[in-house]
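See below for the structure under consideration.
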Amino acid sequence: MGDLSIRVSDDDLMKKAKELVAVERYLEAARYLREVQDVTKLTTQFRHALLWADEMESRLKREQEGAFVSHGWKKEGEAHVNYDFMTYHKIDSNNRLTVRIELILESSMVVPLLAVLNETNLYSEWMPSWKHPRVGLRQSKMLHEFGRGNQIVQVTVDMPFPIATREVVQHAVSIDAIEEAAAILIRVKDLPPGYFDDDISIPEPAKGVVRIDFDAGIVIRACPNDHDLLKRSKRKYPENEHKVLVTIEKSIDAHVNYVPLSIINFFTRQVIKQMLVSLLDVATDIQTGNREKHAAAIQAKEELYGWVTNRVESMFAKFDSGSKD
């Protein structure tokens, strides 16, 4: 950022931060914003940028250090046939469920994977549902979109008796951390009332629907050659592509006092795995040209998906140059 012994004005610091936020460089923007002396000058946008950067820097550090291993996770499953992935979960004393997924993909699957996650209006095309117990998507829709990889979505899910229908209104933001960590980050969190300015309208939940707390982070980076999943892999990856490690960690507080063990087991052993496999199957279909609606969405949003392609290439260039140092 330069020699801060030469005092830079708050206005100049915020001007530079604004330029970085405009290109999703939130971690670098935060470095400038932390030097602002008069914090009353920080806009809502800047305060959000600082919060998002703090959260994702912490998450990224845990990933790089492997710190999650010693924090009470239960390994739920592992697969090595069509895809290489591992799933974990833990439940705290307040019935908050946290799920962790480690997944290896070839680099050409990054855009298809993100398209499946990002195109919320197409969730009904692929999300699985269950009759016994009843679990399934009721609706999903985009509420607001702020340019590249920055959106507010509403997802409503039917739950098994006696749990009422649950809903989340969440904000997702993409973060370019190529320069700092050779990684792409995605931060997703439920929106509390008044989080954004008054011109952004968030609908009230329908009668009988309960809003939940949701917090998730996705870290996309080059896969280390010694990763445990690769050691046990049965897949033949394309020789002309890099391997990508995708880590997804999400925490859900469904606002229930008690959840039967049978429901917990159903979600941790069946729902999580089936949702992941369905997501990956659709991403594979997109990669091979068999999902017309998703392909049309990718083409229509070239600014977003073209940016992802470019950043993945830059990520491996950064990773390769670091490996040679």
Side-chain angles (χ1 to χ4, degrees), residues 20-29 52-53 56-57 59-60 63-64 82-85 101-119 145 147-151 172-188 216-227 229-230 233 235-249 276 279-291 294-325:
L20 290 163
V21 166
V23 291
E24 292 75 39
R25 295 285 309 283
Y26 288 93
L27 304 191
E28 181 70 8
W52 301 340
M56 294 310 293
E57 282 174 341
R59 190 181 295 272
L60 183 59
E63 292 300 327
Q64 292 171 328
N82 295 323
Y83 312 105
D84 288 317
F85 65 81
I101 298 166
E102 293 181 29
L103 165 70
I104 297 176
L105 298 171
E106 57 268 33
S107 54
S108 62
M109 279 282 283
V110 174
V111 166
L113 176 73
L114 293 183
V116 181
L117 293 171
N118 186 67
E119 300 304 324
E145 196 164 16
R148 207 160 49 189
N150 196 333
Q151 62 182 21
V173 59
S174 300
I175 298 174
D176 180 348
I178 303 297
E179 292 302 316
E180 295 84 356
I184 298 170
L185 314 176
I186 301 171
R187 184 252 193 197
V188 187
I218 302 174
V219 178
I220 302 170
R221 56 194 175 110
C223 182
N225 291 327
D226 61 350
H227 195 281
L229 279 172
L230 282 181
S233 176
R235 289 198 63 203
K236 184 174 177 61
Y237 288 90
E239 293 183 0
N240 61 339
E241 291 196 49
H242 290 92
K243 298 181 186 67
V244 178
L245 175 62
V246 181
T247 306
I248 304 170
E249 196 171 301
L276 177 60
L279 185 155
L280 294 173
D281 284 346
V282 176
T284 300
D285 284 347
I286 296 171
Q287 183 194 40
T288 54
N290 293 317
R291 287 277 173 168
H294 282 91
I298 292 170
Q299 185 175 12
K301 298 178 181 178
E302 171 61 25
E303 182 182 5
L304 169 60
Y305 295 112
W307 173 81
V308 173
T309 299
N310 175 270
R311 300 322 290 153
V312 169
E313 293 172 355
S314 298
M315 178 177 74
F316 282 105
K318 181 74 173 179
F319 177 78
D320 290 341
S321 65
S323 299
K324 296 173 184 177
D325 292 342

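Across all non-hydrogen atoms, the minimal contact from Arg187 to Met56 is CB-SD, 3.6 Å. Taking each heavy atom of Met109 and Leu280 in turn, the nearest pair found is CE-O, 4.1 Å. Ala22 and Arg148 get closest at one heavy-atom pair: O-NH2, 4.1 Å. Here the shortest heavy-atom pairing between Ile186 and Ser174 reads CG1-OG, 4.3 Å. For the pair Pro112 and Ala283, the tightest heavy-atom approach, listed with the atom from each and the gap, is CB-O, 3.3 Å. In terms of heavy atoms, Ile178 sits closest to Met315 at CD1-CB, 3.5 Å.
Two residues are said to be in side-chain contact when any heavy atoms from C-beta on lie closer than 4.5 Å; Glu249 and Arg59 meet this criterion. Proximity of Phe85 to Ile104: side-chain heavy atoms (C-beta onward) are nowhere separated by under 4.5 Å. Contact of the Ile218 side chain with the Leu117 side chain is registered, since non-hydrogen atoms from C-beta on lie closer than 4.5 Å. Counting heavy atoms from C-beta on, the side chains of Arg221 and Val244 never come closer than 4.5 Å.
Using modelled atom types, one finds a donor on one side chain and an acceptor on the other under 3.5 Å when comparing Glu241 with Ser108. Side-chain contact of Asn310 with Tyr305: a donor-acceptor pair under 3.5 Å is absent, judged by distance alone. Side-chain N/O atoms of Asp176 and Tyr26 include no donor and acceptor closer than 3.5 Å. A donor and an acceptor atom, one from each side chain of Glu24 and Asn150, are nowhere located under 3.5 Å apart.
No salt bridge links Asp84 with Arg235; every basic N to acidic carboxylate O contact stays at or beyond 4.0 Å. Of the charged side-chain nitrogens involved, at least one lies within less than 4.0 Å of a carboxylate oxygen, so that Glu145 and Lys301 count as a salt-bridged pair. Note on Arg25 versus Glu180: salt bridge recorded, some NZ/NE/NH1/NH2 to OD/OE distance being below 4.0 Å.
Atom CG of Asp226 sits in a crowded spot, with more than 12 heavy atoms from other residues, nucleotides or ligands closer than 6.0 Å.
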